[in-house]
Amino acid sequence: MPYNHKKIDKKWQRIWGQKNTFKTQDFSKKPKFYILDMFPYPSGVGLHVGHPRGFVATDIYSRYKRIKGFNVLHPMGFDAFGLPAENYALKNKIHPEESVRKNIKRYREQLEIIGLDYDWSRTLSTTDPDYYKWTQWTFLQMFKKGLIYQSLEPINWCPKCKTGLANEDLEGDKCERCDTKIIKKPIKQWVIKITKYADRLLKDLEELNWPENIKELQRNWIGKSEGYVIEFKTNDKPVSVFTTRIDTLFGASYLAIAPEHELNKSSLIKNKKEVQKYVKKSLGKPDIERSQEKTGIQLKGIFANNPVNNEKIPVFTADYVLSYYGTGAVMAVPAHDQRDYEFSKKYNLKIKKVIKNDFQNKAFENFGILINSASFSGLESKKAQEKIAKLVKAEKKITYKLKDWVFSRQRYWGEPIPLIHCQKCGVVPEKNLPLKLPKVKSYQSTKTGESPLKNINSWVKIKCPNCQGPAERETNTMPQWAGSCWYYLRYIDNKNDKKLIDPRKERYWMPVDFYVGGAEHATRHLIYARFWHKFLYDIGIVSEKEPFLKLKSPGMISGTDGRKMSKRWGNVINPDQVIQEYGADAFRTYEMFMGPFNQETAWSDKAIKGIRRFLDKVYLLKEQKGKDIEKLFQKTIKKVTQDIEEFKFNTAVSALMILLNEMEKSRITKKNLKIFLILLHPFAPHLTCEIWEKKEFADNVFFQKWPEFKEIKEEKTKIIVQVNGKVRSLLEIDSGLEQIEVEKIALSKIEKWTTKERVKKIVFIKDKLINFVI
RNA sequence: GGGCAGGUGGUGAAAUUGGCAAACACGUUAGCCUUAGGAGCUAGUGCUGCAAAGCUUGUGGGUUCGAGUCCCACCCUGCCCACCA
């Protein structure tokens, strides 16, 4: 291999470091550009080649923007609290603080040898007390604003991790982290009222320049639906139900309530024992199990009145009804809801069609024309809804699938929740932040499932800051997602110990212009962070409603076998080894060349060799005489510029290859060589810097201007000649010729296929195509 | 069950958005060079065919002078959500 990548990579990384080349100044005459990577979670195994795909892309974009004359902020940090880090530490019998420090060091080394242009002086870790001080501070602001409440409802419990999990942390009915089947367990949890922001989270999505599929995922996650709340009178307390199909009210043949519903405790129930047994059984089941087969039990002795026709209908407790959605009770319309249909079949309940249809053996769920609905028969669903609602005095209501955010974990390795429980004063916020995580030897979960912090008496038992009476600290910690909700703000002002962020700097840098990271965060990190940001906006800490203007997600890189890279398959490829063998520039350029940025692709040990060959040839380029290829140069400048802008790096690289292949056979001037190096620089920064220096070109590659391209008019043009749409010939003629002239030339070329007489019609597009239809 | 993305050579892929399908690269074949080749260079390489020529973008239909691209139906793969009333 003609160039020594090991030497060159090291040399330039050292020079960039010594000269502080990538140090970013706050404020500048240049326009600002904030480009951000989703910061990594430093696990024990280190990065595999899939992780840096996004980092390399932002690096290319960032270097491109710098050369284009922007003041670029491109920072990197680490998200290191949470279960995986704690489990890793437990397994390896070291303290998580220790393992996290080691892992971060390793990650940073791995990132540095790729030659990324981060300003490391702005780095941060979510586990650093100077950082989580402000995570805790924001939490307390939410607490003061009444956005946080305690709840004792049954939560998803992982018996192995011994912690409560939000629905988002589940994989079906299993714990996402350890694959253990979860159970329902009532535990006192802190919960954030993210649902209060549901509408804004939904509405503000519209303005964002995000991929449509990610927006759609968020919309579905928030899950807005409009309907009505109808009150059904019973012989006990009335039951409110939520429905989106009030037009089917005449078809309601029973009420179904969730096992958690109040009415289950009614004294009028005749079969109390059975009902209680059913309720108890249901509450222990995870939701998935509840969804597998529809079961229920009638509340004997209880009846409801259908408000539209006073019909007396039975009431069932059924665990297919979810307590946390709508009102926890539904009116069942078997003819028009598949779930109710199945239930009715099983328990032999009335199935009454009220929307015209020919369906048999299943429910018809579409809108349509009402039948069997007294004076409303004949109306169309939408119209009927308003009228029926008016009649039964139903209230319009908007419901969301989004649930409040269970914010506490019964674990050691997280931000301590800065609250104090006092018998007299209730819950009191901590005054001295950061509330540091105490150092302990043993941080195993307690047998009761409570946080390990519970065992540290000296930390837990304190005096109430209000009344000086005996009080206890909250021992739950925050979930893994907490720290990543606002880290992008802290890069802007990472050493500020007075404020979360200096407002002047915030106004200068925010919002993030471009955010790049995995699509798997579409519904968790990206919703939580947007929520957190909106809260900070509401209390005047930030000036923008949305944190991330533009978003792109890299496609996964799978192993050479096409399977997801994992220890289990033994197909993990380590970037260090690849860089060792082929150099950082070949690694970077190959990751961009392998396919479209947002598409999953399998790694290939062989294909990277082509990139290395390309770079070797670049290294050997020298000024020489030959034919002029100015046109191709202009075309390539245009292509590479546009492709970088659009994150189409694969075709940008291929354009550079095409240019190089031509250059080898053509005239190369000093000017052209410089342009080529500038175009290649974002992809292969080490090599281009080296060549630039070796050729004794002035200055440095990244202090150059990005080349502008000129549109060059072609004098000659190629015209496709078709007969009946099939290509039969190709003409190379002067540009701008009119149809009559082209016809003459073209006809002589296609004598084999047709004659002038047989031509019925001619389709002509100037400078492009002529098609003879016969 | 719902949503989203996708289906093009032996492989990764490209196609100016309706106008030469397969650019670029990997692999491979032949030759050169070499003591050697897991180096380099030259030429070839979608399929069928000796050739002329024909065929080819998951399947079937449609629109069009012309379809990988637009429309309809279906099949397959991947990801996400999933009793959301």
Side-chain angles (χ1 to χ4, degrees), chain A residues 1-2 167-168 172 211-217 219-221 223-225 227 241-246 248 256 287-288 290-294 318-322 324-333 336-340 342-343 365 399-403 519-520 522-523 555-556 558 560 562 564 590 593-596 598-611 613-614 616-617 635 638-639 642 648 650-661 718-730 752 759-765 768-774:
Chain A
M1 289 196 263
N167 273 16
E168 294 88 305
E212 200 42 50
N213 64 322
I214 292 196
K215 283 197 196 181
E216 194 59 25
L217 278 170
R219 279 186 209 114
N220 291 343
W221 191 262
K224 179 178 179 171
S225 58
V241 306
F242 173 73
T243 179
T244 54
R245 292 302 302 275
I246 196 168
T248 62
D287 290 351
I288 290 253
R290 280 170 66 161
S291 77
Q292 272 150 9
E293 203 199 339
K294 286 178 187 43
D319 63 12
Y320 78 88
V321 181
L322 304 171
Y324 50 78
Y325 185 79
T327 58
V330 302
M331 63 176 212
V333 185
H336 303 290
D337 183 293
Q338 189 58 26
R339 295 158 299 182
D340 301 343
E342 284 164 29
F343 192 85
E365 296 186 329
T399 313
Y400 298 92
K401 288 184 200 171
L402 185 72
K403 276 179 261 174
E520 69 272 21
T523 50
M556 221 179 53
S558 47
T560 48
K564 192 172 169 171
Y590 173 60
F593 180 68
M594 60 196 305
N598 59 0
Q599 187 182 300
E600 182 183 330
T601 318
W603 181 266
S604 158
D605 298 317
K606 287 177 181 162
I608 190 173
K609 289 183 183 163
I611 296 290
R613 277 178 206 146
F614 163 68
D616 283 336
K617 289 191 216 162
K635 215 174 118 186
K638 184 177 175 185
K639 178 83 179 148
Q642 287 176 349
K648 291 176 171 175
N650 53 333
T651 47
V653 174
S654 110
L656 288 167
M657 286 174 166
I658 292 168
L659 179 57
L660 176 93
N661 290 345
K718 281 179 186 168
I719 291 207
I720 302 154
V721 183
Q722 295 180 331
V723 177
N724 277 354
K726 287 201 172 168
V727 179
R728 292 307 183 191
S729 184
L730 207 59
K752 196 170 170 188
V759 174
K760 270 202 236 154
K761 185 180 165 188
I762 296 171
V763 179
F764 177 73
I765 297 164
K768 210 165 211 174
L769 168 137
I770 186 158
N771 185 12
F772 297 94
V773 185
I774 55 171

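Each chain gets a letter, A, B and so on, in the order its sequence line appears, and its residues count up from 1. Only heavy atoms go into these numbers, but all of them, side chains included; no hydrogens, no water, no symmetry mates.
Computed from coordinates, the A:Met594 CE to B:A25 C1' distance equals 12 Å when rounded to whole Å. Atom-to-atom, CG of A:Asn220 to P of B:C4 comes out at 8 Å; the value is rounded to the nearest Å. The CD-C1' distance, from A:Glu365 to B:G1, rounds to 10 Å in whole Å. Between A:Lys635 atom NZ and B:C24 atom C1' the separation is 13 Å, expressed in whole Å. Between the NZ atom of A:Lys648 and the P atom of B:A23 there is a distance of 18 Å, rounded to whole Å. For the pair A:Met331 CE and B:A85 P, the interatomic distance rounds to 12 Å; values are reported in whole Å. B:C80 atom C1' lies 9 Å from atom CH2 of A:Trp221, rounded to whole Å. The distance from atom CG of A:Asp605 to atom P of B:G38 is 17 Å, rounded to the nearest whole Å.
Spacing between B:A51 and B:A39 at atom P, rounded to whole Å, works out to 32 Å. Atom C1' of B:U63 sits at a distance of 31 Å from the matching atom of B:G78, rounded to the whole Å. For the C1' atom pair drawn from B:G31 and B:A25, the interatomic distance equals 23 Å after rounding to whole Å. Taking atom C1' on both B:G18 and B:A67, the two are 7 Å apart, rounded to the nearest angstrom. When the C1' atom is used for both B:A82 and B:U48, the distance is 49 Å, rounded to whole Å. As rounded to the nearest Å, B:U42 and B:A53 have C1' atoms that lie 30 Å from one another. On the C1' atoms, B:A30 is 23 Å away from B:U35, given to the nearest whole Å.
In this structure, A:Val321 reaches the bases: a heavy-atom distance under 4.0 Å links it to at least one base atom across the strands shown. Across all strands, A:Phe593 comes closer than 4.0 Å to base atoms (heavy-atom distances). Here A:Val773 lies in heavy-atom contact (under 4.0 Å) with sugar-phosphate atoms only. If you check every strand for non-hydrogen atoms under 4.0 Å, A:Glu520 touches nothing. Within the nucleic acid shown, A:Lys401 comes within 4.0 Å of at least one base atom, counting heavy atoms only. Residue contacts for A:Glu216: at a heavy-atom cut-off of 4.0 Å it reaches the sugar-phosphate backbone alone, with no base atom in range. Across all strands shown, A:Asn598 has no heavy atoms under 4.0 Å from either base or sugar-phosphate atoms. Looking at heavy-atom distances under 4.0 Å, A:Leu769 makes contact with a base. Using a 4.0 Å heavy-atom distance criterion, A:Asp340 is classed as making no nucleic acid contact. Among the atoms of the strands shown, none is found under 4.0 Å from any heavy atom of A:Ser604. Residue A:Leu322 is classed as a base contact, given a heavy-atom separation below 4.0 Å to a base. A:Ile765 comes within contact range of at least one nucleobase, with a heavy-atom separation under 4.0 Å.
OP1 or OP2 of B:C20 has not a single side-chain nitrogen or oxygen of A:Arg728 nearer than 4.0 Å. Contact annotation: A:Lys609 side-chain N/O to B:C26 OP1/OP2 distance is not under 4.0 Å. In terms of phosphate contacts, A:Arg219 brings no side-chain nitrogen or oxygen within less than 4.0 Å of OP1 or OP2 of B:C4. Taking 4.0 angstrom as the limit, A:Ser225 places a side-chain polar atom (N or O) nearer than this to OP1 or OP2 of B:A85.
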Legend entry - Stepwise side-chain contact (heavy atoms from CB on, under 4.5 Å) test for A:Trp603 and A:Tyr590: CA-CA 10 Å; A:Trp603 181 266; A:Tyr590 173 60; 3.6 Å; yes
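Side-chain contact between A:Lys403 and A:Tyr325 is absent, with no heavy-atom pair separated by less than 4.5 Å. Here the side chains of A:Arg728 and A:Phe772 are not in contact, with every heavy-atom distance at 4.5 Å or above. Between A:Val763 and A:Gln722 the shortest side-chain heavy-atom distance does not fall below 4.5 Å.
Applying the 90° cutoff around 0 to the glycosidic angle, B:U17 is assigned syn. With its glycosidic angle more than 90° from 0, B:G31 is assigned anti.
Under the Watson-Crick or G-U wobble criterion, with both distances below 3.5 Å, B:C47 is paired with B:G54. B:C41: Watson-Crick or G-U partner is B:G31, with both key distances under 3.5 Å. B:A73 is paired with B:U59 under the criterion used here, namely a Watson-Crick or G-U wobble arrangement in which both key atom distances are under 3.5 Å. Nucleotide B:C79: paired with B:G3 (Watson-Crick or G-U wobble, both distances less than 3.5 Å). In a base pair of the Watson-Crick type (N1 to N3 plus N6-O4 or O6-N4) or a G-U wobble (N1-O2 and O6-N3), with each distance short of 3.5 Å, B:A22 is matched with no nucleotide.
Judged by distance alone with a 3.5 Å cut-off, no donor-acceptor contact links the side chain of A:Arg245 to the base of B:A85.
Summary of the strand contacts: A:Gly328 and A:Arg613 both lie near RNA chain B, and taking for each the nucleotide with the nearest heavy atom, the more 5' one is attributed to A:Arg613. The residue among A:Asn650 and A:Gly610 whose nearest nucleotide of RNA chain B is located toward the 5' end is A:Asn650.
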Would you list the protein and nucleotides 5-9 of chain B atom pairs, both N or O, that sit under 3.5 Å from each other?
none

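Looking at every heavy atom in both residues, A:Met594 comes nearest to A:Ala602 through CE-O, 3.5 Å. The shortest heavy-atom contact between A:Arg245 and A:Glu365 is NH1-O, 2.9 Å.
Counting only heavy atoms from C-beta on, A:Lys768 has its side chain closest to B:G19 among B:C26, B:C65, B:G19. Closest to the side chain of A:Val727, out of B:C20, B:C26, B:G19, is B:C20. Taking only side-chain atoms of A:Thr651, from C-beta outward, the nucleotide of B:C84, B:A14, B:A85 with the closest atom is B:A14. The side chain of A:Asn661 has B:A25 as its nearest neighbour among B:C80, B:A25, B:A23. For A:Thr601, whose side chain is taken as the heavy atoms from C-beta onward, the closest listed nucleotide among B:G12, B:A25, B:C20 is B:G12.
No donor-acceptor pair under 3.5 Å is formed between the side chain of A:Thr243 and the backbone N or O of A:Val241. A:Arg339 contributes no side-chain N or O that, together with a main-chain N or O of A:Lys294, makes up a donor-acceptor pair within less than 3.5 Å. Under a 3.5 Å cut-off, the side chain of A:Glu600 and the backbone N or O of A:Ser558 do not form any donor-acceptor pair.
The aromatic rings of A:Tyr320 and A:Phe343 are tilted relative to each other, their planes meeting at an angle between 30° and 60°.
Heavy atoms of other residues, nucleotides or ligands lying less than 6.0 angstrom from NZ of A:Lys564 number 12 at most. By the neighbour-count criterion of 12 heavy atoms within 6.0 Å, atom NZ of A:Lys635 is sparsely surrounded, having that number or fewer from other residues, nucleotides or ligands.
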